[in-house]
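What's counted below: heavy atoms across the whole structure, side chains too, no hydrogens, waters or symmetry copies.
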Amino acid sequence: MTARPLLVFDLDGTLAETAGDLIGTLNVILEREGVAPLPLAEARFMLGAGARALIQRGFAAIGRQVEGERLEHLFGDFIAHYESRIAQESHLFAGVGASLDRFEAAGWNFAVCTNKMEHASVKLLTALGAAERFRAICGQDTFAVCKPHKDALLGTIAKAGGSPTRAVMVGDSKTDIDTARNAGVPVVAVDFGYTDRHVSELGPDAVISHFDGLWDAVAALPLRA
């Protein structure tokens with residue numbers, strides 16, 4: 001039986017606007033360390049590679065490095081605080097629900113492949129009322145590797161019952177585009193996410209500025225039966 005076509009989404013900056021809660025948590029960690037909080041507009045582009053990288057980027061912005069056991073301690077504090085406020089300021093981007101409805105009616109399935117921890121990803125999507133829409137929600141700790149390694153995406157596709165030849169990645173960053181390229185999967189980029197370069201410079205197959213444009217972007221891609 002031919003697998004149903006599958007859309008695989010990144011989470012932060014692609015499906016959901018989560019910067020307020022993530023940067024708010026980072027600033028709590030920074031303030032505990034005697035560091036002034038970072039403005040949201042400045043820190044937004046530090047997102048996209050997971051909480052450990054966000055912590056390191058936050059400290060690097062003031063010329064400090066954190067690694068090893070110290071990083072793991074701060075990571076634990078970050079996760080505990082973040083999960084306590086996981087959807088205070090977060091929300092799905094405009095058009096997500098209607099777009100999923102249209103693809104679902106046409107026989108598509110959905111999955112999430114993110115560098116957010118799996119537990120936090122499920123918790124966030126549950127809080128946003130969307131978790132049940134995805135056949136697989138895979139995070140940084142779901143597999144032995146994470147994005148941009150191809151097996152993070154290929155593992156997500158397999159877990160969702162899909163096929164790489166019938167899948168499309170949707171993301172907002174170089175990490176997502178590189179992941180899709182490494183896995184041999186076409187990729188659509190949103191231009192409203194978390195990156196310091198416009199995604200059109202990073203070589204996706206298509207770029208959209210609103211989820212209303214996802215249907216036409218995917219329809220133009222060469223998926224195989």
note = salt bridge (charged side-chain N to carboxylate O under 4.0 Å, His left out) filter on Glu42, not counting sequence neighbours, yields none
query = Which atom names give the shortest non-hydrogen contact between Ala183 and Leu153, and what distance separates them?
reply = CB-CD2, 3.8 Å
query = Taking side chain as C-beta onward, heavy atoms only, is Thr25 less than 4.5 Å from Ile23?
reply = no
query = Do side-chain atoms of Asn27 reach the backbone of Leu38 as a donor and acceptor pair under 3.5 angstrom?
reply = yes
message = Side chains of Met169 and Pro186, heavy atoms from C-beta outward: is any pair under 4.5 Å?
response = no
request  = Just grab all the salt bridge (Lys or Arg N to Asp or Glu O under 4.0 Å) pairs involving residues 79-88, residues at least two apart or on different chains.
outcome  = Asp21-Arg85, Arg85-Glu89
Under the salt bridge (charged side-chain N to carboxylate O under 4.0 Å, His left out) test, residues paired with Glu31 that sit two or more places apart = none
Pairs meeting criterion ring pair (Phe, Tyr, Trp, His ring centres under 6.0 Å) with involvement of residues 151-195, two or more places apart = Phe93-Phe192
query = Does Glu201 pair with Lys174 as a salt bridge, N-O distance under 4.0 Å?
reply = no
Glu104/Arg4 salt bridge by N-O under 4.0 Å criterion = no
Which residues share a salt bridge (charged side-chain N to carboxylate O under 4.0 Å, His left out) with Asp12, sequence neighbours left out = Lys116
ask   = Taking all non-hydrogen atoms of both residues, which atom of Thr114 and which atom of Ser121 are closest, and how far apart?
value = CG2-OG, 3.2 Å
task = Could you point out which residue of Asp176, Thr156, Asn182, Asp178 forms a side-chain contact (heavy atoms from CB on, under 4.5 Å) with Lys147?
result = Asp176
query = Which residue pairs pass the ring pair (Phe, Tyr, Trp, His ring centres under 6.0 Å) test with at least one member in residues 105-160, sequence neighbours excluded?
reply = Phe103-Trp108
key: Student check: side-chain heavy atoms of Val207 and Val188 closer than 4.5 Å   = no
